Participant: 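Please read through the structure below; I'll follow up with questions.
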Amino acid sequence: MKIVFMGTPDFAVPVLKRLMTEHEVVCVYTRAPKPAGRGKMLLKSPVHELAEQNGIEVRTPKTLRDANEQAAFKALNADISVVAAYGLILPREIIEAFELGCINVHASLLPRWRGAAPIERAIEAGDTQSGISIMQVVEALDAGAVYKKVIVPITSATTGGILHDQLATAGADILSEVLAHFNEIKPTAQDESLVTYATKLSKEEARLNFNQPAEVLERKIRAFNPFPAAYFEYNGERFKVLSAEVVKEQGKIGQILKADKELVICCAQEALRILEIQRQGKKPMPVAELLRGFRFEDGAVLK
RNA sequence: CGCGGGGUAGAGCAGCCCGGUAGCUCGUCAGGCUCAUAACCUGGAGGUCGUUGGUUCAAAUCCUUCCCCCGCAA
């Protein structure tokens, strides 16, 4: 098929790669390069880089509401457009530009977790499974009928990063299947009574609040690993917590209960034993390594 | 030139402001002690203090070149 692909971050890369091998990708739409990274250099999106390397035309409009943009889009005369974490709202003119419409690869089991951060929210909420949904794009956000869903389990070892990679790969596979049998598959409408929304991750919520139960914080730590990474502050320094486990200890909320060979911090219910930690300016490392050279004051209380 | 921290023994850190014998915790090796231990004691090996040039009687420490890593921010 002749396909126009629309995507931006790493999640979309495996999907585009697969499309390029199996179909004709006539043009790629992605978010415009923006200042990013240390030095704030203008940085092209992962999808942008990939498309360029493969000699595919790349377009980076700031909006698709513009009539000229819409005309240019339609002029590509593709069969279908495929969206994977593009980052722009698609107006009706774009969605309906091609004969087969527009389909989306979404990283959740819709109708659960519509929205921007479905991967992390599923882990954070304690879901036992996540997955990929291939659905029709409609004007309402992530509300289109679903062609196919595939489940990916969430275990106690599942981090946001791991699940992200699993879903990106799965997404490429499932999209491939759907496109191969596109005429035979009938989409199923979403059950609106089961909808939940995965709001964007914010910096503020990445800060560990020890007034919450250890179990809740452990899930957040896993969900937010590696990005944006849960953290606490000690002596004005930021410590990212990459992994931790719940232990039955008691004390004041936020108190450092142990800081010799292990690091245990008391929470509202039970406590967290920190396993992997990253000191500001340093690389991530097992807690035991940090504690060989760095001392937390025993009994200090974190806010 | 967006802001900032860092590169010191195999690991993690201190020392740097206020130049003057390279230090801590751990690991490692040897020996000792113990019924026993990720226990304890004793002793040892292991560093061109990231790189270049400079200042100085003397540089890990002050100034400088370049390389690399990371936090913030996006």
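So you know, we letter chains A, B, ... as the sequences are listed, proteins then strands, and number each from 1. The shown structure was predicted, so the numbers you read here are calculated from the model rather than taken from an experiment.
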Participant: Could you give the CD-to-P distance, from A:Glu262 to B:A38, as a whole number of Å?
Facilitator: 16 Å
Participant: Round to the nearest Å and state the distance from A:Glu204 atom CD to B:C72 atom P.
Facilitator: 14 Å
Participant: Just by distance, do the side chain of A:Arg31 and the backbone of A:Thr8 share a donor-acceptor pair under 3.5 Å?
Facilitator: no
Participant: Atom CG of A:Leu291 and atom P of B:G27: how far apart are they, to the nearest Å?
Facilitator: 14 Å
Participant: Within the structure provided, determine whether A:Thr196 and A:Trp113 are in side-chain contact (heavy-atom separation under 4.5 Å).
Facilitator: yes
Participant: How many Å lie between CZ on A:Phe294 and C1' on B:C26, as a whole number?
Facilitator: 17 Å
Participant: In residues 30-39 of chain A, what residues come within less than 4.0 Å of RNA chain B, judged by heavy atoms?
Facilitator: A:Pro35, A:Ala36, A:Gly37, A:Arg38, A:Gly39
Participant: Any side-chain heavy atom of A:Leu175 within less than 4.5 Å of one from A:Ile103?
Facilitator: yes
Participant: Taking a pair as Watson-Crick or G-U wobble with both distances under 3.5 Å, which nucleotide is matched to B:C40?
Facilitator: B:G32
Participant: Return the pairing partner of B:C62 with a 3.5 Å limit on both distances, Watson-Crick or G-U wobble; otherwise return none.
Facilitator: B:G54
Participant: Could you identify the nucleotide paired to B:G10, looking across every strand shown and requiring Watson-Crick or G-U wobble geometry with both distances under 3.5 Å?
Facilitator: B:C26
Participant: For the pair A:Arg121 (side chain) and A:Gly115 (backbone), establish whether a donor and an acceptor sit closer than 3.5 Å, ignoring hydrogens and angles.
Facilitator: no
Participant: Between P on B:A73 and CG on A:Leu43, what's the gap in Å once rounded to a whole number?
Facilitator: 17 Å
Participant: Kindly give the atom pairs (protein nitrogen or oxygen, nucleotide nitrogen or oxygen) under 3.5 Å for nucleotides 49-51 of chain B.
Facilitator:
none

Participant: Heavy atoms within less than 4.0 Å of RNA chain B: which residues of residues 238-246 of chain A have one? Give them sorted by number.
Facilitator: A:Arg238, A:Lys240
Participant: So A:Glu233 and A:Arg207, salt bridge (charged side-chain N to carboxylate O under 4.0 Å, His left out) or not? Walk me through it.
Facilitator: CA-CA 8 Å; A:Glu233 279 177 12; A:Arg207 181 177 183 132; 3.6 Å; yes
Participant: For A:Thr158 and A:Leu163, indicate whether the former's side chain and the latter's backbone hold a donor-acceptor pair under 3.5 Å.
Facilitator: no
Participant: Could you please name the partner base of B:C3, counting Watson-Crick and G-U wobble pairs only when both distances are under 3.5 Å?
Facilitator: B:G71
Participant: For the C1' atoms, the ones on B:U61 and on B:A22, what distance do you get once it is rounded to whole angstrom?
Facilitator: 12 Å
Participant: Would you mind reading off the distance between A:Asp260 atom CG and B:U25 atom C1', rounded to a whole angstrom?
Facilitator: 12 Å
Participant: I'd like the C1' distance from B:G32 over to B:C18, given in whole Å.
Facilitator: 44 Å
Participant: Distance between the C1' atoms of B:C29 and B:A9, in whole angstroms?
Facilitator: 14 Å
Participant: Looking at RNA chain B, which of residues 274-286 of chain A put a heavy atom within less than 4.0 Å of it?
Facilitator: A:Gln278, A:Arg279, A:Gln280, A:Gly281, A:Lys282, A:Lys283, A:Met285
Participant: For residues 16-28 of chain A, which residue pairs pass the side chain to side chain donor-acceptor pair (under 3.5 Å) check, not counting sequence neighbours?
Facilitator: A:Arg18-A:Glu22, A:Arg18-A:Asp173, A:Arg18-A:Ser176, A:Glu22-A:Ser176
Participant: Mapping A:Glu289 and A:Pro228 to their closest nucleotides on RNA chain B, which lands nearer the 5' end?
Facilitator: A:Glu289
Participant: Would you tabulate the side-chain donor-acceptor contacts of residues 83-97 of chain A under 3.5 Å, counting partners in other chains and residues two or more places apart, or write 'none'?
Facilitator:
residue	atom	partner	partner atom	Å
A:Arg92	NE	A:Glu139	OE1	3.4
A:Arg92	NH1	A:Glu96	OE2	3.3
A:Arg92	NH2	A:Glu139	OE1	2.7

Participant: Determine yes or no for a side-chain-to-main-chain donor-acceptor pair under 3.5 angstrom, with A:Gln280 supplying the side chain and A:Arg238 the backbone.
Facilitator: yes
Participant: Quick check, are the ring centers of A:Phe224 and A:Tyr231 under 6.0 angstrom apart?
Facilitator: no
Participant: Using purine N1 to pyrimidine N3 plus N6-O4 or O6-N4 for Watson-Crick, or N1-O2 and O6-N3 for G-U wobble, both under 3.5 Å, which nucleotide pairs with B:C18?
Facilitator: none
Participant: Report the relative orientation of the aromatic rings in A:Phe232 and A:Phe296; use parallel for angles under 30°, tilted for 30 to 60°, perpendicular for over 60°.
Facilitator: tilted
Participant: Given the P atoms of B:G47 and B:A11, what is the spacing between them in whole Å?
Facilitator: 13 Å
Participant: Going by salt bridge (Lys or Arg N to Asp or Glu O under 4.0 Å), name the residues that satisfy it together with A:Glu99, two or more places apart in sequence or in a different chain.
Facilitator: none
Participant: Can you measure A:Glu237 atom CD to B:C13 atom C1' for me and round it to whole angstrom units?
Facilitator: 12 Å
Participant: Identify which one of A:Val264, A:Leu272, A:Ile265 satisfies the side chain to side chain contact (heavy atoms under 4.5 Å, CB included) criterion when paired with A:Glu249.
Facilitator: A:Val264
Participant: Who pairs with A:Arg38 by salt bridge (Lys or Arg N to Asp or Glu O under 4.0 Å), at least two apart in sequence or on another chain?
Facilitator: none
Participant: How would you label the contact of A:Lys261 with the nucleic acid (heavy atoms, under 4.0 Å): base, sugar-phosphate, or nothing?
Facilitator: nothing
Participant: Which residue pairs satisfy the salt bridge (Lys or Arg N to Asp or Glu O under 4.0 Å) criterion with at least one member in residues 278-303 of chain A, sequence neighbours excluded?
Facilitator: A:Glu237-A:Arg279
Participant: Going by the side chain to side chain donor-acceptor pair (under 3.5 Å) test, which pairs reach into residues 220-229 of chain A, not counting sequence neighbours?
Facilitator: A:Glu218-A:Arg222
Participant: Determine the interatomic distance between P on B:A60 and the same-named atom on B:G23; round to the nearest Å.
Facilitator: 13 Å
Participant: Give, for atom CG of A:Leu64 and atom CD of A:Glu69, the distance between the pair rounded to the nearest 0.5 Å.
Facilitator: 6.5 Å
Participant: Using the test salt bridge (Lys or Arg N to Asp or Glu O under 4.0 Å), find all partners of A:Glu49 that sit at least two apart in sequence or belong to another chain.
Facilitator: none
Participant: Distance between the P atoms of B:A73 and B:U56, in whole angstroms?
Facilitator: 45 Å
Participant: Do any of residues 295-303 of chain A sit with a heavy atom less than 4.0 Å from RNA chain B, and if so which?
Facilitator: A:Arg295
Participant: Hey, is the side chain of A:Lys40 poking within less than 4.0 Å of OP1 or OP2 on B:C1, counting only N and O atoms?
Facilitator: no
Participant: Rounding to the closest angstrom, what is the interatomic distance between B:C67 and B:A14 at atom C1'?
Facilitator: 25 Å
Participant: Suppose you measure atom P in B:U65 against the same atom in B:G54; what distance do you get, rounded to whole Å?
Facilitator: 15 Å
